[in-house]
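Just so you know, these numbers use all the heavy atoms, side chains as well, and skip hydrogens, waters and symmetry mates.
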Amino acid sequence: MLLHLLRNERITVKLNERLKACLSPEDWKDVSFVSNFEFYYISEDFHVPSIISTFARKLSPHLDQNRTVRTWAHVEWGARDDIASKITSFEHLADEGVREMKVVSVCAYNERDICERLEEKLCTSHQFKMTDDEMKRSPIYLRK
C-alpha cells in the first residue's frame, strides 16, 4: 500500500511522530511526502487541471501495479478572492478522479479557513465530513 501525503512544514513533525509510532520500518518505505504548497501551486496559481494531472501522474505507476493507494492532503491557499470557485471545481474533479482510480483520499481543511458556503459546497463533493470529534456521511453528496 502506498500512503501519499500532501502536508505543510508546520505539521510534518507531528505527522512523522504519529506515523512512525504505528508503521513498521518496511511500511515506512511506502509513505510518500509532498509539500502541499508545491503541489497546489505547481503552476503558481492553484491551477485545477495542473493539480489533477500531477495527482494522476504521481499515483498511476502504483495503480498500474495494482497497489492500494491512500492519500491525505492538507489543502491550503493564500489570500485569494477567487479561491472558493477554484476549490469547488478542484474538489468535484478530484472526486471523479479518485472514484475512477479507486483511491481512498482525505482532503483536510482547517475549519477556521472556510466559510459556511464553501463548507456546504465541499460537502457536495465529499461522501463524508470528518471533524476532530466525529465522522458522518454528507447528506448533500452529489454522487450516491
Side-chain angles (χ1 to χ4, degrees), residues 1-20 22-23 27-144:
M1 176 177 77
L2 173 74
L3 181 59
H4 185 71
L5 302 165
L6 299 170
R7 80 311 180 238
N8 68 28
E9 297 304 320
R10 292 185 316 271
I11 62 173
T12 298
V13 173
K14 286 183 182 179
L15 191 57
N16 284 354
E17 288 173 6
R18 286 193 174 184
L19 287 173
K20 282 186 176 182
C22 63
L23 295 176
D27 291 336
W28 187 254
K29 293 176 187 174
D30 289 327
V31 177
S32 167
F33 288 96
V34 176
S35 161
N36 64 347
F37 183 78
E38 291 172 17
F39 183 82
Y40 290 114
Y41 289 92
I42 200 151
S43 65
E44 300 179 17
D45 181 28
F46 207 95
H47 186 251
V48 174
S50 295
I51 296 167
I52 299 295
S53 173
T54 300
F55 184 74
R57 191 172 59 251
K58 288 222 178 255
L59 300 185
S60 65
H62 305 284
L63 296 169
D64 290 346
Q65 295 174 10
N66 292 321
R67 294 186 70 200
T68 301
V69 175
R70 303 290 184 251
T71 70
W72 182 88
H74 183 79
V75 185
E76 291 182 298
W77 56 90
R80 304 278 314 258
D81 292 333
D82 63 340
I83 198 65
S85 64
K86 287 187 177 209
I87 288 173
T88 302
S89 173
F90 164 72
E91 290 293 359
H92 284 284
L93 289 172
D95 182 50
E96 290 175 19
V98 298
R99 288 168 58 87
E100 287 174 16
M101 292 186 280
K102 297 183 172 107
V103 170
V104 173
S105 186
V106 174
C107 300
Y109 290 86
N110 188 328
E111 192 170 40
R112 293 178 305 232
D113 295 337
I114 59 174
C115 65
E116 190 174 316
R117 186 165 181 256
L118 178 55
E119 181 179 347
E120 183 177 318
K121 288 185 178 278
L122 290 171
C123 286
T124 66
S125 59
H126 292 83
Q127 288 180 295
F128 296 92
K129 178 183 176 188
M130 182 171 54
T131 67
D132 291 342
D133 303 315
E134 68 179 347
M135 181 169 144
K136 59 184 175 183
R137 212 171 260 288
S138 170
I140 57 175
Y141 179 63
L142 295 177
R143 289 182 184 86
K144 294 188 180 185

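Looking at every heavy atom in both residues, Ser138 comes nearest to Cys123 through OG-O, 2.7 Å. Counting all heavy atoms, side chain and backbone alike, Leu2 lies closest to Ser32 at CD1-CB, 4.2 Å. The two residues Leu118 and Ile114 come nearest to each other via the heavy atoms CD2-CG2, 3.6 Å. Contact between Val48 and Lys86 at its shortest, heavy atoms only, is CG2-O, 3.5 Å.
For the pair Glu119 and Lys129, the salt-bridge criterion is met [side-chain N within less than 4.0 Å of a carboxylate O].
Within 6.0 Å of atom CD in Glu134, more than 12 heavy atoms from other residues, nucleotides or ligands are found, so the atom counts as buried in its surroundings. By the 6.0 Å contact criterion, CD on Glu116 is open, its count of non-hydrogen atoms from other residues, nucleotides or ligands being 12 or less. No more than 12 heavy-atom neighbours from other residues, nucleotides or ligands sit within 6.0 angstrom of CZ on Arg18.
Here the CZ-OG1 distance, from Arg57 to Thr54, works out to 4.5 Å after rounding to the nearest 0.5 Å. Summarising the geometry, atom OG1 belonging to Thr88 is positioned 10.5 Å from atom CD belonging to Glu120; distances are rounded to the nearest 0.5 Å. Rounding to the nearest 0.5 Å places NZ of Lys14 at 11.5 Å from OG1 of Thr12. Interatomic distance, CD1 of Ile51 versus CG of Leu6, reported as 10.0 Å (0.5 Å rounding). The structure places CZ of Phe33 at 7.5 Å from CG of Leu3, a figure rounded to the nearest 0.5 Å. Taking CG of Leu15 as the start and CZ of Arg10 as the end, the distance is 13.0 Å to the nearest 0.5 Å.
At a threshold of 4.5 Å between non-hydrogen side-chain atoms, the residues Glu91 and Lys121 do not count as touching. Asp95 is not listed as a side-chain neighbour of Thr124, based on a closest heavy-atom distance of 4.5 Å or more. Side-chain atoms of His74 and Cys107, non-hydrogen and from C-beta on, never get closer than 4.5 Å to each other. Using a 4.5 Å heavy-atom cutoff, the side chains of Phe37 and Glu76 are not in contact. Taking the side chain as every heavy atom from C-beta outward, Phe55 and Phe39 approach each other to under 4.5 Å. Here the side chains of Val13 and Asn16 are not in contact, with every heavy-atom distance at 4.5 Å or above.
In this structure, Asp27 contributes its side chain and Asp30 its backbone to no donor-acceptor pair below 3.5 Å. Not one N or O on the side chain of Ser89 forms a donor-acceptor pair closer than 3.5 Å with the backbone of Ser85.
Met101 pairs in a side-chain contact (heavy atoms from CB on, under 4.5 Å) with only one of the listed residues (Leu63, Val69, Thr71), which is Leu63.
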Step-by-step side chain to side chain donor-acceptor pair (under 3.5 Å) determination, Ser125 to His92: CA-CA 5 Å; Ser125 59; His92 284 284; 4.5 Å; no
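Using a 30° and 60° split on the angle between ring planes, Tyr40 and Phe90 fall in the perpendicular class, above 60°.
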